[in-house]
Amino acid sequence: MKPILVTGGAGFIGSNFVPYFCEKYPNYHIINLDKLTYAGNLDNLKECNKMSNYTFIQGDICDRPLIEKLFQEYDIHGVIHFAAESHVDNSIKNPSAFIKTNIEGTFNLIDVAFRHWMAGPNKTKSGYENCRFHHISTDEVYGTLGQEGYFSESTPYAPNSPYSASKASSDFIVRAYHHTFGMNVTTSNCSNNYGPKQHHEKLIPHIISKALSEQPLPIYGKGENVRDWLYVLDHCKAIDLIYHTGKSGETYNVGGHNERNNITIVKTICAILDKKRPRKNGQKYEDLITFVQDRAGHDFRYAIDATKLETELGWKAEETFDTGIVKTVEWYLK
């Protein structure tokens, strides 16, 4: 079996990707490395426990001796790198954790991979010709948009939070290892993901949780900030496609063409809950909405142009927001 190292596979996107990937590719041995911070949850990987091509290892991507040991022990032939600190609010409170994990951790991974797969710059070792490092990033590296326009792969980087700055740095490290050393790398920058298994700190599960416990539903500012929402399984399929068929050294933007502002998201969730689990007092969940002080440096709008991924690799989002949000709410209710 071909050994593939997946980092951060117990996080939100990773725990959706790993079961999908293990089932689709029984000839791959998936080694899932996760530190199990507050955002990692092994309960989200229960379906993998009986899979013979799956191994879980608890560990930190900042622990270089551990990374070196894993490459030697399992003879890693591919890396799909999810592991990251990802919550903007937390990056404002504690930037150092983001700098360490997202920058130093990514450097450790790609440098160890380089030394395991290559004998030097542009010299691949025999048997490692098809090894690839895929790096998962975010549209937040591009900064913010006004009312119009979209982020493309050629949009200049302009990160505005410690989180997005650390992810931009990690993108550049991966880029440098391709251009300097000739490593086989790909990068994807995705829009806001939603779906099953997401940590409750994020907007959609946070609102669902607050609503079900009859607590105020907090919305930053006036709720006018716009995001392009992508159903998590569509993102997983895009990563699969890029990893296997993307061009080395290229970046691919992944977006769902589902722009919504925050107040619309919250009201949509409230309407679904009104139907599926009405409040006992007969009132609407929307009555719980409350507006709070805006986040520092809050980007106004993100929107992805995924034309390159769609035309060159044939990817297309299968889930619309209207269908995906219902599936998501139903998952949390269960």
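Numbering starts at 1 and runs along the sequence shown.
- A cation-pi contact, defined as under 6.0 Å to the ring centre and within 45° of the axis, links K308 to Y252.
- T155 is listed as a side-chain neighbour of S152, based on a closest heavy-atom distance under 4.5 Å.
- The existence of a salt bridge linking E214 and R279 is confirmed by a sub-4.0 Å separation between a basic side-chain nitrogen and an acidic carboxylate oxygen.
- E318 and K327 are not joined by a salt bridge, as no carboxylate oxygen comes within less than 4.0 angstrom of a charged side-chain nitrogen.
- In this structure, the separation between NE2 on H135 and OH on Y243 is 15.5 Å, given to the nearest 0.5 Å.
- With respect to E85 and K100, no salt bridge is recorded, no charged nitrogen being found less than 4.0 Å from a carboxylate O.
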Exercise for review: Applying side-chain hydrogen bond (donor to acceptor under 3.5 Å, both in side chains), run through Y231 and N16 and close with a yes or a no.
Suggested key: CA-CA 11 Å; Y231 191 67; N16 280 276; over 6 Å; no

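- Counting heavy atoms from C-beta on, the side chains of L45 and N32 come closer than 4.5 Å.
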Point to revise | side-chain hydrogen bond (donor to acceptor under 3.5 Å, both in side chains) assessment of Y20 paired with D240 | key: CA-CA 10 Å; Y20 158 82; D240 176 14; 2.7 Å; yes

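- A 6.0 Å sphere centred on CZ of R64 holds more than 12 heavy atoms belonging to other residues, nucleotides or ligands.
- Between the CG atom in N184 and the NE2 atom in H178 there is a gap of 8.5 Å [rounded to 0.5 Å].
- Contact check on D322 versus R260 returns a salt bridge, with a Lys/Arg side-chain nitrogen under 4.0 Å from an Asp/Glu carboxylate oxygen.
- The existence of a salt bridge linking K167 and D171 is excluded, since no basic side-chain nitrogen approaches an acidic carboxylate oxygen closer than 4.0 Å.
- Across all non-hydrogen atoms, the minimal contact from P218 to I207 is O-CD1, 4.0 Å.
- Seen from the ring of Y150, R301 counts as a face-on cation partner, given the 6.0 Å and 45° thresholds.
- S166 places a side-chain heavy atom less than 4.5 Å from the side chain of I99.
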Check your understanding: How far apart are the C-alpha atoms of D139 and V254, what are their side-chain angles, what is the distance that settles it, and do they pass the side-chain contact (heavy atoms from CB on, under 4.5 Å) test?
Key -> CA-CA 9 Å; D139 59 356; V254 190; over 6 Å; no

